[in-house]
Asks: 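Structure in structure tokens, see below.
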Amino acid sequence: MGAGGPRRGAGPPDGGWGWAVLGACFVVTGFAYGFPKAVSVFFRALMRDFGAGYSDTAWVSSIMLAMLYGTGPVSSILVTRFGCRPVMLVGGLLASAGMVLASFATRLLELYLTAGVLTGLGLALNFQPSLIMLGLYFERRRPLANGLAAAGSPVFLSALSPLGQQLLEHFGWRGGFLLLGGLLL
């Protein structure tokens, strides 16, 4: 089925609808890189509720990052087989479901599996196809498009950490995870 993308003309359009795709890639990159790091705002509450040390709690974001980077080849295979859009749709659902399920966790192992594995896989299934999509819509302006998409990382990291702190203060870690799951959706 292929990656899917623009079908008109001989090459990428270098603009037009590509700018909307670039905006989406900005958001995807922001969540992919910023989200696993922003989850660390919740570590003290998780340590207290689960009676765990910092290193045990830090595994949540470590697993999430390992899934993000380690499942890139799987994501690429799925994109080749099904296309970018279906893979990204499933990725968004997995990332969201992982955080929603994590809000109901009663053991740290459950957090590893939900927030770590499920959300990390979902982020990977969004991140890898977003890079492929940029290549389908930009050729001459691809360096600019890649740079603008990569700018999502610091922007979202700067925004997600304070947001996470506010969610933690107002709703606790469970409510924060639930709302972050909704945001990922």
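Along the sequence shown, residues are numbered consecutively beginning with 1.
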Asks: Measure from the side-chain N and O atoms of R142 to the backbone N and O of G135, and report whether any donor-acceptor pair falls under 3.5 Å.
Replies: yes
Asks: To the nearest 0.5 Å, what is the distance between CG on L125 and OG on S76?
Replies: 10.0 Å
Asks: Can a donor-acceptor pair be found, under 3.5 Å and without considering hydrogens, that links the side chain of S96 to the backbone of G181?
Replies: yes
Asks: How many angstroms lie between atom CG of L179 and atom CG of L168, to the nearest 0.5 angstrom?
Replies: 12.0 Å
Asks: Between the main-chain N or O of T71 and the side-chain N or O of S75, is there a donor-acceptor pair closer than 3.5 Å?
Replies: no
Asks: Which pair of non-hydrogen atoms, one from F138 and one from G18, has the smallest distance, and what is that distance?
Replies: CE1-O, 3.3 Å
Asks: Write down the atom of T29, the atom of S130, and the distance for their closest heavy-atom approach.
Replies: OG1-OG, 4.5 Å
Asks: For the atom pair CG (L160) and NZ (K37), what is the distance rounded to the nearest 0.5 Å?
Replies: 11.0 Å
Asks: Nearest 0.5 Å please: distance from the CG atom of D49 over to the CZ atom of R44.
Replies: 14.0 Å
Asks: What residues form a ring pair (Phe, Tyr, Trp, His ring centres under 6.0 Å) with F31, not counting sequence neighbours?
Replies: F156
Asks: Rounded to the nearest 0.5 Å, how far apart are CG of L185 and CE of M99?
Replies: 13.0 Å
Asks: Is there a side chain to side chain contact (heavy atoms under 4.5 Å, CB included) between L157 and Y33 once you walk through the steps?
Replies: CA-CA 8 Å; L157 185 56; Y33 283 129; over 6 Å; no
Asks: Does F171 belong to the same Ile/Leu/Val/Met/Phe/Trp/Tyr cluster as L163, with side-chain heavy atoms less than 4.5 Å apart forming each link?
Replies: yes
Asks: Mind checking whether T114 and F177 have side chains closer than 4.5 Å, heavy atoms only?
Replies: no
Asks: Contact between W173 and L46 at the side-chain level, heavy atoms closer than 4.5 Å - yes or no?
Replies: yes
Asks: Any side-chain heavy atom of L180 within less than 4.5 Å of one from F35?
Replies: yes
Asks: Measure across L134 and C25 and return the closest heavy-atom pair with its distance rounded to 0.1 Å.
Replies: CG-SG, 3.8 Å
Asks: Keeping S103 on the side-chain end and V100 on the backbone end, is there a donor-acceptor pair under 3.5 Å?
Replies: yes
Asks: Can you sort out the partners of F43 under ring pair (Phe, Tyr, Trp, His ring centres under 6.0 Å), two or more places apart, ordered by chain and number?
Replies: Y54
Asks: Looking only at heavy atoms, what is the nearest atom pair of T57 and A52, with distance?
Replies: OG1-CB, 3.9 Å
Asks: Same hydrophobic cluster for F42 and L65, using side-chain heavy-atom links shorter than 4.5 Å among ILVMFWY?
Replies: yes
Asks: Taking the side chain from Q128 and the backbone from A124, do they hold a donor-acceptor pair closer than 3.5 Å?
Replies: no
Asks: Go through it in stages, so that I can follow the logic: the residues are V39 and T119, the test is side chain to side chain contact (heavy atoms under 4.5 Å, CB included), and I'd like the CA-CA distance, side-chain angles, deciding distance and then a yes or no.
Replies: CA-CA 11 Å; V39 170; T119 299; over 6 Å; no
Asks: Might you point out which heavy atoms bring A32 and P36 nearest each other, and give the distance in Å?
Replies: O-CD, 3.2 Å
Asks: Can you tell me how far apart CG (L111) and OG (S61) are? Round to the nearest 0.5 Å.
Replies: 11.5 Å
Asks: For D56 and F50, what are the C-alpha separation, side-chain angles and deciding distance, and is it a side chain to side chain contact (heavy atoms under 4.5 Å, CB included)?
Replies: CA-CA 10 Å; D56 291 333; F50 291 109; over 6 Å; no
Asks: Please report the closest heavy-atom contact between V41 and G164, naming both atoms and the distance.
Replies: CG1-C, 3.8 Å
Asks: Does atom CH2 (W19) have a neighbourhood of more than 12 heavy atoms from anything else shown, all under 6.0 Å?
Replies: yes
Asks: Hydrophobic clustering (ILVMFWY, side-chain heavy atoms < 4.5 Å, transitive) - are L94 and F82 grouped together?
Replies: yes
Asks: For side chain to side chain contact (heavy atoms under 4.5 Å, CB included), just list the numbers for E110 and F104, CA-CA rounded to whole Å, side-chain angles, deciding distance to a tenth of an Å, and then say yes or no.
Replies: CA-CA 9 Å; E110 294 169 0; F104 296 103; over 6 Å; no
Asks: Tell me whether L178 is reachable from L101 by hopping between hydrophobic residues (I, L, V, M, F, W, Y) whose side-chain heavy atoms are closer than 4.5 Å.
Replies: no
Asks: Is there a path of hydrophobic side-chain contacts, each under 4.5 Å between heavy atoms, that joins L89 and L131?
Replies: no
